[in-house]
Amino acid sequence: MEILKEISGYLQQGRAKIVKELVQQALDQGVPAEDILREGLLDGMNIVGEKFKNNEIFVPEVLVAARAMNMGAQILKPHLAAAGVEAHGKVCIGTVKGDLHDIGKNLVKMMLEGKGLEVVDLGTDVSPETFVQTAIEQNCRVICCSALLTTTMPVMGDVVKAAEAAGIRDKVKIMVGGAPLTEEFCRQIGADAYTPDAASAADKALEFCMEA
Ligand code: B1M
């Protein structure tokens, strides 16, 4: 669809204002929010990622594209979230210590809210102790950890250890995700679930909350 290609293209150029307008236009035309996200915003961000990897563009370009992505996603937020759903449980989410990538984490947060879960957003660069302390203080059923760097993935193992040390490991489920993660890594560190995308993360978190 032409408008989705335009959204992807302007996102790659970091034209946040136009991206916002086009996302709204696509919604007005009746394009499903999930399609706008996948074929417009995420498509654009993937191309940005490839160019970044190949040294065709650099951090400043990626940052403006990321800003356009976040602004477009904000417009989609109410459409991705199911309206008026009762809270089914509380979860906390954050990008692990040393890692500042938050686009994926923000998408997961949106999807969690869309499932009617109450979400405590800890932001980026979150220490294992903060995840665990928040889970205790706010009575969270699930801790959601995101990581985009291979160098910060091991921090997720530290979150599992911190939960064990604090004596809450049997009360809290620990979910992990982010581009470099795998099912095998999840098993190795003793986390409870790996999900490859935001929608399946929200389904899994809801399942854990309903089990409680
Ligand atoms: Co960075 N970066 N970056 N970056 N960056 C990557 C990740 C990289 C793969 C690029 C590359 O080289 N190809 C590479 C990592 C390589 C590696 O670790 N092996 C990299 C690097 C190296 C770096 C720096 C070190 C660069 C530098 O400074 N030299 C630096 C690190 C800073 C730090 O964190 N300490 C850095 C900085 C940045 C920016 C600040 C410029 C910017 C981040 C802006 C921001 O987030 N606000 C940035 C970006 C944007 C990227 C790329 C281009 C895009 C990431 C993204 O947002 N993707 C990325 C390349 C790429 O991925 N192709 C790259 C879109 C997002 C929707 O996907 O986060 O995977 P993702 O989330 C998905 C799923 O993974 C899943 O759901 C989401 C949607 O379905 N998911 C979960 C995510 N979390 C989940 C949690 C769950 C479940 C599912 O459960 C709890």
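Just follow the structure's listing: the first ligand is 1, and inside any ligand the first atom is 1. Both backbone and side-chain heavy atoms feed into the values below; hydrogens, waters and symmetry mates do not.
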[atom]: the protein heavy-atom neighbour that sits closest, reported with distance to 0.1 Å:
{"atom": "atom 27 (C) of ligand 1", "answer": "Val59 CG2, 4.4 Å"}
{"atom": "atom 84 (N) of ligand 1", "answer": "Ser146 OG, 2.8 Å"}
{"atom": "atom 45 (C) of ligand 1", "answer": "Asp102 OD1, 3.4 Å"}
{"atom": "atom 10 (C) of ligand 1", "answer": "Phe52 CD2, 3.6 Å"}
{"atom": "atom 33 (C) of ligand 1", "answer": "Leu100 N, 3.5 Å"}
{"atom": "atom 12 (O) of ligand 1", "answer": "Lys53 CA, 4.2 Å"}
{"atom": "atom 80 (O) of ligand 1", "answer": "Ala198 N, 3.1 Å"}
{"atom": "atom 86 (C) of ligand 1", "answer": "Gly177 CA, 3.4 Å"}

As a test of the contact definition, would [atom] count as having a protein heavy-atom neighbour under 4.0 Å?
{"atom": "atom 59 (C) of ligand 1", "value": "no"}
{"atom": "atom 41 (C) of ligand 1", "value": "yes"}
{"atom": "atom 52 (C) of ligand 1", "value": "no"}
{"atom": "atom 16 (C) of ligand 1", "value": "no"}
{"atom": "atom 29 (N) of ligand 1", "value": "no"}
{"atom": "atom 8 (C) of ligand 1", "value": "no"}

Drop me the distance from [X]'s [atom1] to [Y]'s [atom2], to the nearest 0.5 angstrom.
{"X": "Phe131", "Y": "Ile143", "atom1": "CZ", "atom2": "CD1", "answer": "7.5 Å"}
{"X": "Met69", "Y": "Asp102", "atom1": "CE", "atom2": "CG", "answer": "10.5 Å"}
{"X": "Glu50", "Y": "Ile47", "atom1": "CD", "atom2": "CD1", "answer": "9.0 Å"}

Is it the case that ligand 1 has an N or O less than 3.5 angstrom from some N or O of Met175? no
Quick one: do Lys77 and Glu113 make a salt bridge, cutoff under 4.0 Å? yes
Could you tell me whether Lys105 and Asp121 have a side-chain N and a carboxylate O separated by less than 4.0 Å? yes
Shared hydrophobic cluster for Met175 and Met156 (ILVMFWY, side-chain gaps under 4.5 Å): no
Determine whether Val172 and Val160 fall in the same hydrophobic cluster, where Ile, Leu, Val, Met, Phe, Trp and Tyr are linked whenever their side-chain heavy atoms lie under 4.5 Å apart. yes
Derivation of the side chain to side chain donor-acceptor pair (under 3.5 Å) call for Gln74 and Asn70: CA-CA 6 Å; Gln74 279 308 316; Asn70 276 329; over 6 Å; no
So between [options], whose heavy atom ends up nearest [atom]?
{"atom": "atom 32 (C) of ligand 1", "options": "Lys105, His101, Met69, Lys204", "result": "His101"}
{"atom": "atom 62 (O) of ligand 1", "options": "Ile143, Val64, Leu148, Asn106", "result": "Leu148"}
{"atom": "atom 75 (O) of ligand 1", "options": "Pro180, Gly104, Ala179", "result": "Ala179"}
{"atom": "atom 90 (O) of ligand 1", "options": "Thr151, Asp197, Val108, Val176", "result": "Val176"}
{"atom": "atom 39 (C) of ligand 1", "options": "Thr195, Ile174, Leu112, Leu63", "result": "Leu63"}
{"atom": "atom 83 (C) of ligand 1", "options": "Ala201, Gly178, Ala193, Pro196", "result": "Gly178"}
{"atom": "atom 61 (C) of ligand 1", "options": "Gly44, Pro60, Gly49", "result": "Gly49"}
{"atom": "atom 54 (C) of ligand 1", "options": "Met156, Lys109, Met45, Arg38", "result": "Met45"}

Tell me the side chain to side chain donor-acceptor pair (under 3.5 Å) pairs involving residues 157-176, sequence neighbours left out? Arg169-Asp192
Shortest non-hydrogen contact from Val119 toward Lys109: CG1-CG, 3.8 Å
Return the minimal non-hydrogen interatomic distance between Leu148 and Gly178, and the atom names on each side. CD2-CA, 4.3 Å
Side chain, backbone, both or neither: the part of [X] lying under 4.0 Å from ligand 1 by heavy atom:
{"X": "Leu149", "answer": "both"}
{"X": "Thr150", "answer": "both"}
{"X": "Leu107", "answer": "side chain"}

Is the backbone N or O of [Y] less than 3.5 Å from a side-chain atom of [X], with the two atoms forming a donor-acceptor pair by type?
{"X": "Asp197", "Y": "Ser200", "answer": "yes"}
{"X": "Asp99", "Y": "Leu149", "answer": "yes"}
{"X": "Asp35", "Y": "Val31", "answer": "no"}
{"X": "Thr134", "Y": "Thr130", "answer": "yes"}
{"X": "Gln12", "Y": "Ser8", "answer": "yes"}

I'd like to check which ligand 1 atoms, numbered from 1 as shown, lie under 4.0 Å from a non-hydrogen atom of [X].
{"X": "Cys144", "answer": "91 (C)"}
{"X": "Asp99", "answer": "34 (O)"}
{"X": "Leu42", "answer": "67 (C)"}
{"X": "Cys145", "answer": "86 (C), 91 (C)"}

Does ligand 1 have any atom sitting under 4.0 Å from a heavy atom of Asn46? no
Under 3.5 Å, is there a donor-acceptor pair linking the side chains of Gln25 and Glu21? no
Mind checking whether Ile36 and Ile7 have side chains closer than 4.5 Å, heavy atoms only? yes
